[in-house]
Amino acid sequence: MAKENLSIESTCVHAGTYFDPATGGVNTPIFTSSSFRYPSPDGVGRYPRYQNVKGVNAAAVKLAVLEHAEDGIIVSSGMSAVTVSLLPFLSSGHHVILPGDIYGGTHHMVMAEFPKLGIVYEFLSEFTAQTVADSIRPETRIVYIETPSNPRLGIVDLAAIAQVCRERGVLTVVDNTFASPINQNPILLGCDIVLHSGTKYLNGHSDLCCGAVVSSAVLMESIRETAVNLGTSLNAMDAYILERGMKTLALRMERQNENAMVLAGFLQNHDAVTHVYYPGLESHPGHDIACRQMRGFGGMLSFELDGDALEVERFLECLRLVTPALSLGGVETLVCVPAQTSHVKMSAEDRAQAGITDTLVRVSVGIENINDIIDDFSDALN
């Protein structure tokens, strides 16, 4: 069977693997050298920053296949992925459109760095194909999308916005971290560039910091050049860890999708919870769109605790199995308060505009037995 015809589960295991002809090992080898002889047998001058060392980009190839992209690169962090996806196509006077409900690190980077470069940005509180179309100017170059969004799991109609942008010659850049390529493929819906914080679901074991970008071969030429110039490369050992983690991505996401759906239903019916944000729930305003563009609803959810910030702290202290911690996407269930962590650099006004309250709790649902997870939440909430 040709590898391009493999199921998504088999693609996670096999795509991108570099087989060392000298040993015949079934895993991609780790080449620890930072210096390489030249000229090499194949005429390539290798240097790690150029991301052309054999085996280092195995995970990038795997992700490109999973995301139905032509090419991709692995970089040193999720924010590196955001930066190298945007900067190659922007210069002074250009305009970028973004949703207001996005990861706090991306929001802060845009506000802190774009003015220095003369790049104009616009955050939309309502992010639809119509509001995007109404906001596009002659100088607009990129529409940046995050769906499901961090932390309130907002859903954006990727196909509709991609069509609007294509008609106007505007690039679409999508942060697909929360969904993972198992649940959603923006390129198949017409989007141009897809990025991930590989720290999260791609690696899946809370022991690695990295990012990834995939796109067409033409766009990746500019992205790769910027990544080389900024020095965002990943070392050989971390690249190996990422590829190994991705081999179980489909299995992990299947369990996390299931667990999150059950936990969301439990929380929705609990007296101590006033609202649950999860696109798998019929009550979610983006549920119908999510059903069209996602194969699964993901392992992330958030909820509003009935009380104040002190009661949120008491809730976190009462958890025993679930861990209050930064980051997400690992095999263990983690919780955090975005106003204190992922979105702390946003101003109180911007957080309020995005609906991020002091009592909003974000949950990254792991692969533990769902009954153990619910028991822990039940005890802590009670």
Side-chain angles (χ1 to χ4, degrees), residues 11-12 15-16 48-53 55-90 96 98 102-103 105-106 109-110 113-114 119 141-147 150 158 162 165 170-204 208-235 238-239 241-243 245-246 249 329:
T11 298
C12 286
R49 182 165 60 87
Y50 284 80
Q51 306 201 24
N52 59 2
V53 176
V56 167
N57 277 335
V61 174
K62 193 186 297 290
L63 180 62
V65 175
L66 287 170
E67 286 285 18
H68 302 271
E70 295 176 349
D71 194 10
I73 58 170
I74 302 299
V75 290
S76 55
S77 69
M79 283 309 304
S80 291
V82 173
T83 303
V84 302
S85 296
L86 297 175
L87 292 186
F89 312 105
L90 298 172
V96 182
L98 311 94
I102 59 172
Y103 169 54
T106 303
M109 185 278 289
V110 168
E113 303 299 332
F114 277 17
I119 300 169
R141 294 295 179 270
I142 289 176
V143 169
Y144 184 90
I145 306 168
E146 188 180 283
T147 183
N150 184 356
L158 289 171
C165 292
V170 176
L171 290 175
T172 45
V173 177
V174 183
D175 183 341
N176 202 33
T177 299
F178 266 29
S180 89
I182 305 303
N183 290 323
Q184 180 174 270
N185 297 125
I187 288 174
L188 292 181
L189 297 170
C191 298
D192 297 303
I193 300 168
V194 174
L195 65 92
H196 289 265
S197 173
T199 310
K200 314 305 192 296
Y201 286 109
L202 299 187
N203 176 50
L208 175 65
C209 182
C210 64
V213 185
V214 296
S215 186
S216 67
V218 172
L219 292 177
M220 283 307 306
E221 287 183 9
S222 298
I223 293 170
R224 191 182 302 273
E225 181 180 11
T226 299
V228 169
N229 290 338
L230 296 180
T232 63
S233 56
L234 197 68
N235 68 71
D238 285 350
I241 294 172
L242 175 60
E243 189 202 358
M246 289 181 67
L249 176 60

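Counting from 1, the numbers follow the sequence of the chain as shown. All heavy atoms count here, side chains included; hydrogens, waters and symmetry mates do not.
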**Prompt:** Does the side chain of Y103 come within less than 4.5 Å of M79's, by heavy atoms?
**Reply:** yes
**Shortest non-hydrogen contact between A64 and G72, atoms and distance** = CB-N, 4.5 Å
**Request:** Give, for atom CG of D192 and atom CG of L219, the distance between the pair rounded to the nearest 0.5 Å.
**Result:** 6.0 Å
**Point-to-point distance, once rounded to the nearest 0.5 Å, from CG of N203 to CD of E243** = 12.0 Å
**Message:** Using the rule given for side chain to side chain contact (heavy atoms under 4.5 Å, CB included), can you reason through M109 versus F114, listing the C-alpha separation, both sets of side-chain angles and the distance that settles it, and then say yes or no?
**Reply:** CA-CA 8 Å; M109 185 278 289; F114 277 17; 4.0 Å; yes
**Asked** Are any non-hydrogen side-chain atoms of I193 and V174 less than 4.5 angstrom apart?
**Response** no
**Prompt:** Any sub-3.5 Å donor-acceptor pair from E67's side-chain atoms to K62's backbone N or O?
**Reply:** no
**Request:** Give a yes or no answer on whether the side chain of S76 reaches the backbone of C210 with a donor-acceptor pair at less than 3.5 Å.
**Result:** no
**Request:** Decide side chain to side chain contact (heavy atoms under 4.5 Å, CB included) for V75 and Q51; before the verdict, give the C-alpha distance in whole Å, the side-chain angles of both, and the deciding distance to 0.1 Å.
**Result:** CA-CA 9 Å; V75 290; Q51 306 201 24; 4.1 Å; yes
**Item:** 4.5 Å side-chain heavy-atom contact, I223 and F89
**Value:** yes
**Request:** Take V84 and L230 through the side chain to side chain contact (heavy atoms under 4.5 Å, CB included) test and state the conclusion after the steps.
**Result:** CA-CA 8 Å; V84 302; L230 296 180; 4.3 Å; yes
**Item:** Note, L202 side chain near P181 side chain (heavy atom, < 4.5 Å)
**Value:** yes
**Request:** Find the distance between OG1 (T106) and CG (L195) and round it off to the nearest 0.5 Å.
**Result:** 7.5 Å
**Item:** Donor-acceptor contact below 3.5 Å, side chain T226 vs main chain S222
**Value:** yes
**Request:** Output, in order, the C-alpha distance, side-chain angles, deciding distance and verdict of side chain to side chain contact (heavy atoms under 4.5 Å, CB included) for L189 and N185.
**Result:** CA-CA 7 Å; L189 297 170; N185 297 125; over 6 Å; no
**Asked** Are the side chains of V173 and V143 in touch, meaning some heavy atoms are under 4.5 Å apart?
**Response** no
**Fill in**
For A212 and A81, the nearest pair of non-hydrogen atoms, with its separation, is O-CB, 3.6 Å
**Residue pair T172 / G190: nearest heavy atoms and the distance that separates them** = OG1-O, 4.3 Å
**Request:** Could you tell me whether the side chain of M220 reaches within less than 4.5 Å of the side chain of S215, counting heavy atoms only?
**Result:** yes
**Prompt:** Heavy-atom distance under 4.5 Å between the side chains of V214 and D71, does that happen here?
**Reply:** no
**Message:** Return the CZ to OH distance between R224 and Y50, rounded to the nearest 0.5 Å.
**Reply:** 12.5 Å
**Asked** What residue among I142, V110, V96 forms side chain to side chain contact (heavy atoms under 4.5 Å, CB included) with I119?
**Response** V96
**Nearest heavy atoms of T199 and C209, plus distance in Å** = OG1-CA, 3.3 Å
**Request:** Verify side chain to side chain donor-acceptor pair (under 3.5 Å) between S80 and T83, making sure each step is shown before the conclusion.
**Result:** CA-CA 5 Å; S80 291; T83 303; over 6 Å; no
**Asked** With distance as the sole test, does N235 use its side chain to make a donor-acceptor pair with the main-chain N or O of D238 at under 3.5 Å?
**Response** yes
**Euclidean distance, N150 CG relative to T177 OG1, rounded to 0.5 Å** = 9.0 Å
**Prompt:** Any side-chain heavy atom of V82 within less than 4.5 Å of one from Y144?
**Reply:** yes
**Prompt:** To the nearest 0.5 Å, how far apart are NE2 in H196 and CE in M246?
**Reply:** 8.0 Å
**Item:** Least distance between heavy atoms, S180 atom then Y201 atom
**Value:** CB-CB, 4.3 Å
**Item:** Whether R49 side chain and G231 backbone form a donor-acceptor pair below 3.5 Å
**Value:** no
**Message:** Please find the pair of heavy atoms, one from G198 and one from L242, that lie closest to each other, and give the distance.
**Reply:** O-CD1, 4.1 Å
